[in-house]
There are 2 protein chains.
Amino acid sequence: MSVQSVDRALDVLEALAEQGGQAGLSEIAARTGLPYGTIHRLLQTLLARGYVRQESDRRYALGGALVRIGGVAERMLAVWAEPYLTRLVELSGETANLAVLEGDFVVYVAQVPSPRRLRMFAEVGRRVLPHSTAVGKALLAGRADAAAVFRRTGLPRRTDRTITVTEEMLAELGRVRARGYALDLGEEESGVHCMAVPVHDGGRTFAALSVSGPAERIDAIDREELAAMLRKVAEDFGTAVFRS
Amino acid sequence: MSVQSVDRALDVLEALAEQGGQAGLSEIAARTGLPYGTIHRLLQTLLARGYVRQESDRRYALGGALVRIGGVAERMLAVWAEPYLTRLVELSGETANLAVLEGDFVVYVAQVPSPRRLRMFAEVGRRVLPHSTAVGKALLAGRADAAAVFRRTGLPRRTDRTITVTEEMLAELGRVRARGYALDLGEEESGVHCMAVPVHDGGRTFAALSVSGPAERIDAIDREELAAMLRKVAEDFGTAVFRS
DNA sequence: ATTACTTTTCCGGAGGGTGGAAATGGTGGA
DNA sequence: TCCACCATTTCCACCCTCCGGAAAAGTAAT
């Protein structure tokens, strides 16, 4: 059971974020489908708390309070993860990422880039669908409602290697569970390979750790060896988070 | 004028942030004074949207959605700051900067360069350690965990004036608190001096404003006068971001 | 096994939220 | 300068949805 007005306030905030952090009342109305009066009232509430600010041209924008709270949230996971990501980079030589499931999307929370010249672009904060990424598969493999997620999101084709059939995807998740790691062999972006493992904190999967890079370099690493690295680091990270 | 349930949901989020991003239901109840049932219902709403996560021990923590929205808001900081930085440049004739703390690093978020020939190189996006910069000192002076930050980062020498001893650094932060501004007299880069002040949003320091330039020119400005300028602009900026 | 605690669920009453519509304010064109 | 148009803000009566006490369920420690 959700609180309607809170849900709608979040809709308003997200509409603002999707407009690039700035929008007029009517733009928000168009995006959310809520009546003007309602949106205005919600905005006044957020305004009074600093979660939204109003420009001189009466348009609304995301407010400073979000920077502060967002910082606290990000520091929590990202700071805890940093040493582990660094260790992964040292071990593998490739870019290491931490991602969490947020609703039906995968969100990259932290990254430590590879020291090599050719490397992945920083993508912290990026949202992607789970079916075409190793982190997404790792996160969903441990969940019973994976099929429901795919029903909602669909399996849009990203490259010619993307798995677009639900049955195949569920079989893939079975393989992930069986071998303990997930792969993305250019399914999200051609030429980019990636291996991911789930991070548990005492039972539940709450994040996924991955290593990604150019296909040739990733494929050159022994697969079981890389998986062992990832699993070890994921376990250490999981218990570190769990104990504090 | 305000929507009660939204207001309370924000109270819950802020209570979580004040507990360091993690708290049990009853801790939130103690802090907010709201009844258990109400808090639980609000948390369920925030949970469903990813604004809050639930750890395996049933405690609640700030969620990934806040990281994403906070990121959008932070990018907007640069836009908001521009007129204030411009004013600082007009007043002082020197390059003005805005920086925030990200993890244990200082990140330059925005800059308006001095119109003079000799001026600092653009460094938006640059990450530096806090101990050798005025903005870093200004950001850490208001935090109780400054010593912990230095323990993690160390105090690497950047120039022969860099403060490399923790006790001296903590004393320096005391001076910063006492006089209300921080100085960097060639501690990050020889010949470059800098003055910075914290920007508050209703209590907490969330950014630092600075003016920097060649040692001779910065030293030629009356120190108290420059500090007064910075403080005034920082206050205006802080209130503009937080409310309005 | 029992105790002490925290979290979750439940439900009837009523207070607070809703949203249509009117009023106000701002902007660009004539 | 004035007007017309669009966006924002305010208003209010209805009624839906949120409130919160209290009991149940779950968890951890003795």
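By convention in this document, chain letters (A, B, ...) are assigned in the order of the sequence lines, proteins followed by strands, and residues within each chain are numbered from 1. Atoms considered below: every heavy atom in the structure, side chains included; atoms not considered: hydrogens, waters and symmetry mates.
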Of all the heavy-atom pairs spanning [X] and [Y], show the shortest one and how long it is.
X: A:S2; Y: B:T45; answer: CA-OG1, 3.4 Å
X: B:L140; Y: B:P130; answer: CD1-CB, 3.6 Å
X: B:V52; Y: B:L47; answer: O-CD1, 3.2 Å
X: A:A15; Y: A:T32; answer: CB-CG2, 3.9 Å

Rounded to whole Å, how long is the line connecting atom [atom1] of [X] with atom [atom2] of [N]?
X: B:L34; N: D:dC18; atom1: CG; atom2: C1'; answer: 13 Å
X: A:R59; N: D:dA7; atom1: CZ; atom2: P; answer: 11 Å
X: A:D7; N: D:dT17; atom1: CG; atom2: C1'; answer: 13 Å

So, OP1 or OP2 of D:dT17: does either fall under 4.0 Å of a side-chain N or O from A:S5? no
Is the phosphate of D:dC19 approached by B:Q4 (side-chain N or O, under 4.0 Å from OP1 or OP2)? yes
Go through the steps for A:E172 and A:R175 under the test salt bridge (Lys or Arg N to Asp or Glu O under 4.0 Å), then give the verdict. CA-CA 5 Å; A:E172 170 79 357; A:R175 281 193 292 278; 2.6 Å; yes
Do A:K137 and A:H131 touch side chain to side chain, with heavy atoms closer than 4.5 Å? no
Is B:R143 close to B:T205 at the side-chain level, that is, under 4.5 Å between some pair of heavy atoms? no
Residue mapping more 5' on DNA chain D - nearest nucleotide basis, A:S2 or A:G24: A:G24
Partner set under side chain to side chain donor-acceptor pair (under 3.5 Å) for [X], not counting sequence neighbours:
X: A:Q44; result: A:H40
X: A:R58; result: none
X: A:S210; result: A:N97

Review item, nucleotides 23-25 of chain D N/O atoms under 3.5 Å of protein N/O:
none

Positions of residues 36-43 of chain A (non-hydrogen atom under 4.0 Å from DNA chain D), listed by number: A:Y36, A:G37, A:H40
Counting only non-hydrogen atoms, which of residues 8-17 of chain A are less than 4.0 Å from DNA chain D? none
Given salt bridge (Lys or Arg N to Asp or Glu O under 4.0 Å), test B:E82 with B:R87 step by step and report yes or no. CA-CA 9 Å; B:E82 213 267 0; B:R87 202 159 97 218; over 6 Å; no
Quantified as the angle between the terminal helix axes (five pairs each), what is the overall bend of the helix from C:dA1-D:dT30 to C:dA30-D:dT1 to 10 degrees? 60°
Tell me every residue that passes ring-ring contact (aromatic ring centres under 6.0 Å, His included) with B:Y84, counting only those two or more places apart in sequence or in another chain. B:F237
Could you tell me the boundaries of the chain A footprint on DNA chain C, defined by atoms under 4.0 Å from its heavy atoms? C:dG17 to C:dG26
According to salt bridge (charged side-chain N to carboxylate O under 4.0 Å, His left out), does anything in residues 13-22 of chain A pair up with another residue at least two apart or in another chain? List the pairs. A:E14-B:R49, A:E18-A:R31
Quick one: salt bridge (charged side-chain N to carboxylate O under 4.0 Å, His left out) partners of A:R157, sequence neighbours excluded? none
Under a 3.5 Å cutoff, is there a donor and acceptor pairing between the side chains of A:T162 and A:S132? no
Sorted by chain and number, sequence neighbours left out, side chain to side chain contact (heavy atoms under 4.5 Å, CB included) with B:M229 holds for B:L91, B:S92, B:L226
